[in-house]
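These notes concern the structure reproduced below.
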2 protein chains.
Amino acid sequence: MRKEKVYISQETVKRLSLYLRNLRRLEKEGVRVICSDRISELLDVSPAQFRKDLSYFGEFGKRGVGYEIRRLIEELEDILGVNKQWKIVLIGVGRLGSALLRFEGFSKFNLKIELAFDIDKRKIGKVINGVKIEDVQRLTERVKEEGVKVGLISTPPQVAQEIADRLIEGGIKGIMNFAPVTLKIPEDVFITNVDMACELERVIFFLNNEGKVKTDSKLLS
Amino acid sequence: MRKEKVYISQETVKRLSLYLRNLRRLEKEGVRVICSDRISELLDVSPAQFRKDLSYFGEFGKRGVGYEIRRLIEELEDILGVNKQWKIVLIGVGRLGSALLRFEGFSKFNLKIELAFDIDKRKIGKVINGVKIEDVQRLTERVKEEGVKVGLISTPPQVAQEIADRLIEGGIKGIMNFAPVTLKIPEDVFITNVDMACELERVIFFLNNEGKVKTDSKLLS
DNA sequence: TTTTATTTGTTCCTATTTTCACAAAAAGTA
DNA sequence: TACTTTTTGTGAAAATAGGAACAAATAAAA
Ligand SMILES: NC(=O)c1ccc[n+]([C@@H]2O[C@H](COP(=O)([O-])OP(=O)(O)OC[C@H]3O[C@@H](n4cnc5c(N)ncnc54)[C@H](O)[C@@H]3O)[C@@H](O)[C@H]2O)c1
Ligand SMILES: NC(=O)c1ccc[n+]([C@@H]2O[C@H](COP(=O)([O-])OP(=O)(O)OC[C@H]3O[C@@H](n4cnc5c(N)ncnc54)[C@H](O)[C@@H]3O)[C@@H](O)[C@H]2O)c1
């Protein structure tokens with residue numbers, strides 16, 4: 001039964017996305033039905049966690065049987081919203097940006113980078129993966145025009161705040177930021193920072209404290 | 001006073017890394033001393049959180065004054081282990097891998113990719129950013145030889161598990177994985193998954209549930 | 001039909017994380 | 001020196017998240 005008011009944590013959302021990807025993989029392998037115990041073996045998530053994550057949104061399984069994969073994929077796509085088309089804009093077509101632009105992992109599933117901007121005259125006009133790189137000068141205007149709602153920032157950190165401001169002015173409501181800066185954004189805009197340097201330093205921290213570490217996620221100092 | 005036995009959460013470690021980066025930036029701007037309230041304005045972390053994170057490792061501030069930035073930078077570098085040299089190996093020099101290889105954000109601070117491997121004959125032998133791309137066939141052997149302890153996996157997901165196994169056989173103790181798969185690794189190896197597709201879907205989830213969203217990290221369904 | 005096997009959905013409990021709030025410390029001021 | 005202001009470090013409280021455990025549901029077996 002659907003709940004009246006439930007707060008979904010960001011950790012849950014991350015896991016939903018993880019479930020979806022792996023269910024798709026399983027379906028491709030010909031699996032039709034799966035139970036939470038099997039999911040748990042595959043991913044690093046407890047069976048109870050899997051069931052609980054889903055329970056926030058409804059009842060998708062059959063007791064004594066498990067989950068019909070096709071059905072669950074569709075439910076998850078609906079929950080996450082990836083069954084709809086979302087226009088994405090990329091700003092900063094440098095080394096990382098052009099990797100993102102060429103990456104099929106997004107576009108495979110309705111998440112397609114449709115606009116790209118850079119400040120570098122040599123890049124403007126070039127077409128990568130079917131997307132023409134435009135002048136960042138026209139960013140706000142073009143974002144409004146196209147009704148884009150999601151932005152990926154892969155510019156140098158120095159200009160990332162300015163880019164974010166202009167995206168938001170253009171109506172962007174969700175940002176994935178790769179620049180190593182903490183951006184100031186209004187409450188109604190969602191941001192996720194992909195911070196590779198932090199991630200790498202986390203690995204280093206673990207190594208540096210080897211022997212003193214207790215579990216996979218804890219350290220004993 | 002240093003604690004006998006304290007467990008440090010991964011969230012704390014991420015924040016330590018964030019603090020370090022921003023303290024470096026502040027120092028460059030000429031700031032000498034900072035208090036937790038100012039840090040809190042700059043980053044998206046409460047002053048109490050900042051103080052508590054640091055308190056797990058010692059007392060670095062001065063009451064009524066704040067934290068001497070130089071001192072704190074050095075303490076954090078020591079805590080994270082980034083004051084030591086760490087050899088890093090990259091596997092899969094494709095679009096993402098070559099961006100990583102060329103990225104100065106890591107190498108600036110003792111985190112240097114020193115070995116790179118690929119399976120593609122056209123890439124093997126090429127030099128990027130001073131690093132010669134080697135044949136992945138010799139991966140385990142070379143990792144042992146060089147005593148590398150950290151590995152970045154940016155190969156296609158299909159081969160990521162195999163690469164991880166060979167890295168671990170070679171003595172790797174920390175992995176940053178960019179391939180969208182859940183890798184099976186032994187307890188004593190640390191792994192962090194940089195999962196951009198999940199992150200992007202998290203943004204989409206927020207947009208898809210707009211209006212029903214309560215706070216920056218919670219959703220009302 | 002009854003019994004046995006599974007496996008979900010959910011409640012309740014436990015553990016972890018964050019925030020609060022304040023004594024203790026430092027430095028300036030009178 | 002005594003008083004004021006500021007800000008840390010931290011124990012206690014509040015908020016969150018995770019996990020165990022079990023009734024309810026389903027299907028298969030007897
Ligand atoms: N390369 C990596 O592997 C990597 C890893 C982690 C984080 N990052 C971060 O991602 C961002 C991009 O990194 P990169 O290595 O691709 O850098 P890059 O220099 O290769 O690319 C940056 C691009 O942004 C463009 N640009 C600069 N100012 C601009 C502006 N005002 N408007 C629009 N475009 C502008 C540049 O012309 C360039 O094409 C940086 O913030 C970096 O710290 C990169
Ligand atoms: N490009 C992106 O922006 C992006 C974003 C998110 C995730 N990823 C993930 O990162 C990984 C790399 O992506 P990419 O876009 O760079 O792909 P890519 O195809 O450009 O690069 C993959 C590289 O790995 C090499 N490779 C293949 N098999 C190998 C093996 N057995 N041993 C060593 N090297 C091998 C290939 O030769 C190639 O150079 C993928 O798993 C992808 O899903 C990429």
Side-chain angles (χ1 to χ4, degrees), chain A residues 1-16 18-19 23 31-69 71-72 75 79 214-221, chain B residues 1-16 18-19 23 31-69 71-72 75 79 214-221:
Chain A
M1 203 214 315
R2 194 161 284 246
K3 303 300 172 44
E4 283 316 304
K5 280 178 170 221
V6 186
Y7 293 89
I8 308 300
S9 81
Q10 286 305 310
E11 288 306 310
T12 293
V13 182
K14 280 189 203 172
R15 284 191 297 265
L16 292 176
L18 196 67
Y19 303 152
L23 289 167
V31 188
R32 290 269 167 279
V33 173
I34 194 154
C35 64
S36 56
D37 278 6
R38 282 283 296 124
I39 285 279
S40 172
E41 284 164 27
L42 254 44
L43 314 183
D44 209 32
V45 176
S46 78
Q49 183 78 78
F50 175 76
R51 297 200 300 270
K52 181 166 261 186
D53 285 339
L54 293 177
S55 79
Y56 296 129
F57 301 94
E59 299 192 3
F60 309 126
K62 216 179 226 174
R63 297 178 186 207
V65 181
Y67 300 84
E68 203 237 308
I69 290 190
R71 157 92 193 283
L72 195 49
E75 295 284 2
I79 292 165
K214 197 59 188 295
T215 76
D216 61 326
S217 69
K218 301 291 169 331
L219 167 118
L220 181 52
S221 83
Chain B
M1 198 214 316
R2 195 161 284 248
K3 303 302 172 41
E4 284 315 306
K5 279 177 171 220
V6 186
Y7 294 90
I8 309 300
S9 81
Q10 286 305 309
E11 289 305 311
T12 294
V13 181
K14 280 189 204 173
R15 284 190 298 264
L16 292 177
L18 195 68
Y19 302 153
L23 289 166
V31 188
R32 291 268 167 281
V33 173
I34 195 154
C35 65
S36 57
D37 277 5
R38 281 283 297 123
I39 285 279
S40 171
E41 283 164 29
L42 256 44
L43 314 183
D44 208 31
V45 176
S46 78
Q49 183 79 79
F50 176 77
R51 298 200 299 273
K52 178 145 274 186
D53 284 339
L54 293 177
S55 79
Y56 297 128
F57 301 95
E59 299 190 5
F60 309 127
K62 217 178 224 175
R63 296 177 186 210
V65 182
Y67 300 84
E68 203 237 306
I69 290 191
R71 158 94 194 282
L72 195 49
E75 295 283 2
I79 291 164
K214 196 60 188 292
T215 78
D216 63 326
S217 69
K218 300 290 168 341
L219 167 118
L220 180 51
S221 82

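A, B, ... follow the sequence lines: proteins, then strands. Residue 1 opens every chain.
Regarding B:Gln10, its CD atom lies at a distance of 20 Å from the P atom of C:dA15, rounded to whole Å. Between B:Phe60 atom CZ and D:dT8 atom P the separation is 14 Å, expressed in whole Å. For A:Lys14 and D:dA17, the NZ to P distance is 12 Å, given to the nearest whole Å. Atom pair B:Glu59:CD and D:dG11:P shows a separation of 11 Å (rounding to whole Å applied). Protein atom CG of B:Asp37 is 14 Å distant from nucleotide atom P of C:dT19, rounded to whole Å. Distance A:Glu68 CD to C:dT7 C1': 16 Å, rounded to the nearest Å. Straight-line distance from the CG atom of B:Leu54 to the C1' atom of C:dT18: 15 Å, rounded to whole Å. In this entry the distance linking CD of B:Glu11 with P of D:dT16 reads 15 Å, nearest Å.
For A:Ser46 and B:Gly66, each mapped to the nucleotide of DNA chain D holding its nearest heavy atom, the one lying further toward the 5' end belongs to B:Gly66. Where A:Phe50 and B:Asp53 each meet DNA chain C at their nearest nucleotide, the meeting point lying more 5' is that of A:Phe50.
Within the 4.0 Å cut-off from OP1 or OP2 of D:dG9, at least one side-chain nitrogen or oxygen of B:Tyr67 is found. In this structure, A:Ser9 does not reach the D:dT16 phosphate: none of its side-chain N or O atoms is under 4.0 Å from OP1 or OP2. Of the side-chain N and O atoms in A:Arg15, none sit less than 4.0 angstrom from OP1 or OP2 of D:dA17. When the side-chain nitrogen and oxygen atoms of A:Gln49 are compared with OP1 and OP2 of D:dA17, none of them lie within a distance under 4.0 Å.
Within the 4.5 Å cutoff, side-chain heavy atoms of B:Leu16 are placed close to those of B:Ile79. Contact check for A:Glu75 versus A:Phe57: no side-chain heavy atoms found under the 4.5 Å cut-off.
Across all strands shown, C:dA5 remains unpaired; no Watson-Crick or G-U wobble contact has both distances below 3.5 Å. C:dC20 is paired with D:dG11 under the criterion used here, namely a Watson-Crick or G-U wobble arrangement in which both key atom distances are under 3.5 Å.
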Checklist outcome for this item: Readout for nucleotides 23-30 of chain C: B = base within 4.0 Å of protein heavy atom, S = sugar-phosphate only, - = neither; 5' to 3' it is -BBSS---

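Side-chain atoms of B:Lys52 come within donor-acceptor range of the base of C:dT19, with a qualifying N/O pair under 3.5 Å.
C:dA5 has its base syn relative to the sugar, with a glycosidic angle deviating from 0 by at most 90°.
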Checklist entry - Taking it one step at a time, do A:Asp53 and A:Arg15 satisfy side-chain contact (heavy atoms from CB on, under 4.5 Å)? => result CA-CA 8 Å; A:Asp53 285 339; A:Arg15 284 191 297 265; 2.7 Å; yes

Next on the checklist: Using side-chain contact (heavy atoms from CB on, under 4.5 Å), reason through B:Ile69 and B:Val33 one step at a time and then give a plain yes or no.
Outcome noted: CA-CA 5 Å; B:Ile69 290 191; B:Val33 173; 5.7 Å; no

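Aromatic rings of A:Tyr19 and A:Tyr67 (six-membered ring for Trp) have centroids beyond the 6.0 Å cut-off, not under it.
Here A:Ser36 lies in heavy-atom contact (under 4.0 Å) with sugar-phosphate atoms only.
Taking the side chain of B:Ala48 as heavy atoms from C-beta on, and the options C:dG9, C:dA21, D:dT8, the nearest nucleotide is C:dA21.
For A:Lys14, the NZ atom counts as densely surrounded, since its 6.0 Å shell holds more than 12 non-hydrogen atoms of other residues, nucleotides or ligands.
Listed by chain and number, the residues in a side chain to side chain donor-acceptor pair (under 3.5 Å) with B:Arg38 are B:Glu41 (sequence neighbours excluded).
With hydrogens and angles ignored, the 3.5 Å screen pairs a side-chain donor or acceptor of B:Ser40 with a backbone N or O of B:Val45.
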